[in-house]
J.: 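Let me give you the structure first, and then I'll get to my questions.
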There are 2 protein chains.
Amino acid sequence: MSNNHILVIEDDLQISQFLQSSLKANGYHTLCAHTIAEGKRLLSANKPALLILDLNLPDGDGRELISYVRLNSDIPILVLSARQAEQEKVDCFNDGADDYLAKPFGVNELLARVKVALKRTAMMSLRDDVYHVGELTIDTINSTVLLNEQPVHLTPIEFKLLFILVTKPGKVFTHRQLLTDVWGAEYVDDTHYLRIHMGRLRARLEKTPATPRYILTEAGIGYRLTAT
Amino acid sequence: MSNNHILVIEDDLQISQFLQSSLKANGYHTLCAHTIAEGKRLLSANKPALLILDLNLPDGDGRELISYVRLNSDIPILVLSARQAEQEKVDCFNDGADDYLAKPFGVNELLARVKVALKRTAMMSLRDDVYHVGELTIDTINSTVLLNEQPVHLTPIEFKLLFILVTKPGKVFTHRQLLTDVWGAEYVDDTHYLRIHMGRLRARLEKTPATPRYILTEAGIGYRLTAT
DNA sequence: GGCTGGGTGTATCAATCACATAAACAAAAT
DNA sequence: ATTTTGTTTATGTGATTGATACACCCAGCC
């Protein structure tokens with residue numbers, strides 16, 4: 001799932017190193033990119049928990065990256081910029097940034113804002129360990145599923161899919177979200193895999209897979225679990 | 001239940017009024033306090049959705065209020081302060097503030113940060129963009145529509161049409177607008193598509209499709225939704 | 001009145017699309 | 001060795017949409 005690294009995208013080597021050492025000194029694991037392209041790669045490969053993004057990068061506008069990330073992730077984005085212009089701040093927030101820090105900034109403020117952002121995602125994903133939906137019991141710690149008290153065996157991919165769905169019962173997860181979360185961003189178009197594996201999941205969980213009670217499909221959009 | 005008001009605690013009358021009118025102009029409901037004591041009262045009485053807090057108040061340190069609020073609430077707190085000192089910022093964040101804005105600040109930045117904070121709590125509670133029009137409930141995140149609490153199934157095109165209309169209830173959307181938004185610019189002249197799909201939409205939403213209550217026709221112009 | 005015509009609603013049917021499922025097999029993981 | 005996964009091909013089904021045709025209402029007008 002989501003790693004607990006912080007990805008820093010910053011082309012100024014000095015600042016980059018400074019940020020990394022400060023973050024490391026405070027117990028965070030860091031990843032580092034110097035271009036947008038490199039950042040995208042690390043994002044999908046490592047699924048960091050937070051993104052610190054300098055706007056001014058050699059191979060494009062950082063704002064483009066914000067929108068790109070927001071296509072399939074809710075990861076907090078903290079924007080750094082040399083510019084003070086209010087409009088730029090507003091634009092970034094509209095694109096989906098979570099915070100904006102203008103240079104020069106103090107490390108301690110940065111660290112405090114990082115901490116707040118991470119605390120928030122921790123709060124959000126304060127998931128229960130065991131979910132109950134109908135006759136289903138899903139234990140996310142032991143990765144086990146019970147149907148009518150009977151254990152059901154799921155393959156890793158099947159469990160990942162069910163796990164995503166069960167974190168927010170009733171919420172529709174788009175094909176895009178599911179594919180990027182389970183397979184990776186480069187599989188966004190392979191809805192076929194989704195169909196096949198959802199089918200296999202249904203075969204295990206539903207008495208009548210043709211008329212599913214738990215895993216509902218939203219045609220043209222994605223899938224969701226029945227709300228309790 | 002949490003109300004959808006924003007509580008502004010600020011003793012400077014001029015700034016206070018300015019904040020209130022800016023917020024109201026952007027569609028937020030506001031409450032206003034000038035002291036910590038008053039703020040506490042309004043907090044427990046009204047359970048606002050967000051707190052904008054000036055640190056410098058006549059009857060005590062604002063930071064004390066942050067800790068107080070955090071005893072029993074996760075409501076986002078946006079701190080305003082005349083001071084730029086980094087240590088103060090860090091302290092506020094440690095106390096539980098969500099954001100910190102040093103004066104002088106631009107209104108637009110403030111509004112953007114307010115929006116981000118509220119979007120975040122909306123994300124947490126899963127109930128995102130939900131519109132209510134008469135007996136209709138339209139959830140634009142989960143792409144679901146309720147009529148009298150009963151779920152109504154819409155096709156993608158139907159939902160797109162309804163979605164456009166519901167963003168500005170009462171506003172007339174021209175054939176042209178609707179066609180380009182849903183089908184694409186090259187379909188501007190195919191008004192009959194609109195007629196057909198609006199008809200199907202009515203069949204699903206209206207008890208008496210012949211005398212529509214929600215989807216109204218503006219002959220020669222376009223369609224609109226009844227204003228609430 | 002009866003005729004006309006633009007803008008509109010709606011019924012019907014066929015083409016297309018999205019989805020579910022199956023099967024088969026190689027590759028990869030355990 | 002066995003399970004799991006990736007990949008392809010095929011098929012059936014039901015929902016969605018597009019296309020056509022027809023009915024309607026309300027003007028204005030002879």
Side-chain angles (χ1 to χ4, degrees), chain A residues 143-145 151-165 172-176 178-225, chain B residues 143-145 151-163 165 172-184 186-224:
Chain A
S143 300
T144 57
V145 175
V152 181
H153 173 74
L154 297 188
T155 70
I157 283 198
E158 283 156 20
F159 189 81
K160 265 191 200 173
L161 286 172
L162 183 59
F163 177 75
I164 295 173
L165 294 183
V172 182
F173 291 86
T174 63
H175 297 143
R176 206 193 181 81
L178 294 166
L179 284 164
T180 57
D181 278 9
V182 175
W183 281 274
E186 58 276 28
Y187 288 80
V188 233
D189 296 320
D190 297 309
T191 27
H192 201 73
Y193 292 173
L194 218 40
R195 283 199 250 289
I196 291 179
H197 289 277
M198 284 295 186
R200 290 173 180 168
L201 193 48
R202 277 183 177 139
R204 303 204 130 115
L205 300 183
E206 311 271 7
K207 292 173 195 162
T208 55
T211 56
R213 292 181 49 211
Y214 298 116
I215 294 167
L216 310 182
T217 115
E218 297 291 324
I221 308 176
Y223 293 85
R224 67 187 170 86
L225 208 66
Chain B
S143 304
T144 57
V145 175
V152 181
H153 174 76
L154 298 188
T155 70
I157 285 194
E158 283 156 20
F159 189 83
K160 270 190 200 167
L161 286 172
L162 182 59
F163 176 76
L165 294 184
V172 182
F173 291 87
T174 63
H175 296 144
R176 202 188 190 80
Q177 284 178 302
L178 294 166
L179 283 164
T180 55
D181 279 10
V182 175
W183 282 272
E186 60 275 29
Y187 290 80
V188 236
D189 296 321
D190 298 307
T191 35
H192 64 282
Y193 288 178
L194 270 183
R195 286 197 245 292
I196 292 177
H197 289 278
M198 284 297 187
R200 287 171 180 166
L201 196 46
R202 278 183 178 138
R204 302 205 131 114
L205 301 182
E206 311 271 7
K207 291 172 196 163
T208 54
T211 56
R213 292 181 49 210
Y214 297 116
I215 295 165
L216 309 181
T217 304
E218 296 294 322
I221 310 177
Y223 294 85
R224 67 186 171 87

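Residue numbering restarts at 1 for every chain, and letters A, B, ... go by the order of the sequence lines.
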J.: Taking 4.0 Å as the cut-off, does a side-chain nitrogen or oxygen of His197(B) come that near to OP1 or OP2 on dG18(D)?
T.: yes
J.: Taking OP1 and OP2 of dT3(D), is either one under 4.0 Å from a side-chain nitrogen or oxygen of Thr155(A)?
T.: no
J.: Write down the distance between CZ (Arg204(A)) and C1' (dT5(D)), rounded to a whole number of angstrom.
T.: 12 Å
J.: Round to the nearest Å and state the distance from Leu194(B) atom CG to dG18(D) atom C1'.
T.: 14 Å
J.: Select base, sugar-phosphate, or nothing to describe what Glu218(B) touches, counting heavy atoms under 4.0 Å on all strands.
T.: sugar-phosphate
J.: I want to check one thing: is the phosphate of dT17(D), taken as OP1 and OP2, less than 4.0 Å away from some side-chain N or O of Tyr187(B)?
T.: no
J.: I need the CG-C1' distance between Leu161(B) and dT16(D), as an integer number of Å.
T.: 14 Å
J.: Can you tell me the distance, in whole Å, between the CD atom of Glu206(A) and the P atom of dT21(C)?
T.: 10 Å
J.: Remember a base hit wins even if backbone is also touched, and classify Ile196(B) as base, sugar-phosphate or nothing at under 4.0 Å, heavy atoms.
T.: base
J.: Measure the distance from CG on Asp190(A) to C1' on dC19(C) and round it to the nearest whole Å.
T.: 16 Å
J.: Do any side-chain nitrogens or oxygens of His175(A) fall under 4.0 Å of OP1 or OP2 in dA18(C)?
T.: no
J.: Just by modelled atom types, is the Glu206(B) backbone N or O under 3.5 Å from a matching donor or acceptor in the Arg213(B) side chain?
T.: no
J.: Using a cut-off of less than 4.0 Å, is there contact between a side-chain N or O of Thr217(B) and OP1 or OP2 of dG9(C)?
T.: yes
J.: Hey, is the main chain of Arg200(B) close enough, under 3.5 Å, to the side chain of Glu158(B) for a donor-acceptor pair?
T.: no
J.: Please evaluate residues Ile157(A) and Leu201(A) with respect to the criterion side-chain contact (heavy atoms from CB on, under 4.5 Å), reporting the C-alpha separation (whole Å), side-chain torsions for both, the decisive distance (0.1 Å), and the verdict.
T.: CA-CA 9 Å; Ile157(A) 283 198; Leu201(A) 193 48; over 6 Å; no
J.: For the side-chain contact (heavy atoms from CB on, under 4.5 Å) test, which of Ile221(B), Val188(B), Asp189(B), Leu194(B) pairs with His175(B)?
T.: Leu194(B)
J.: May I ask you to check whether over 12 heavy atoms, not counting those of Arg176(B), lie within 6.0 Å of atom CZ?
T.: no
J.: Looking only at side-chain N and O atoms, does Tyr223(B) come under 4.0 Å of OP1 or OP2 in dG9(C)?
T.: yes
J.: To the nearest angstrom, how far is His153(A) atom NE2 from dT3(D) atom P?
T.: 9 Å
J.: Whether Trp183(A) contacts dT5(D) is assessed here as follows: a side-chain N or O lying under 4.0 Å from the phosphate OP1 or OP2. Is that the case?
T.: no
J.: Under 4.0 Å between a side-chain N or O of His192(A) and OP1 or OP2 of dG6(D)?
T.: no
J.: When we call it a touch if two heavy atoms are under 4.0 Å apart, what does Arg200(B) touch: a base, just sugar-phosphate, or nothing?
T.: base
J.: What's the CG-C1' distance between Leu201(A) and dA20(C), to the nearest Å?
T.: 14 Å
J.: Between the side chains of Glu218(B) and Arg224(B), is the shortest nitrogen-to-carboxylate-oxygen separation below 4.0 Å, so that they form an ion pair?
T.: yes
J.: So, does Arg195(A) get its side chain near the phosphate of dT21(C), meaning an N or O under 4.0 Å from OP1 or OP2?
T.: no
J.: Report the nucleotide, chosen from dC19(C), dT4(D), dT8(C), that has the shortest atom-to-atom distance to any side-chain atom of Pro156(A).
T.: dT4(D)
J.: Tell me the interatomic distance from Leu179(A), atom CG, to dG6(D), atom P, rounded to whole angstroms.
T.: 11 Å
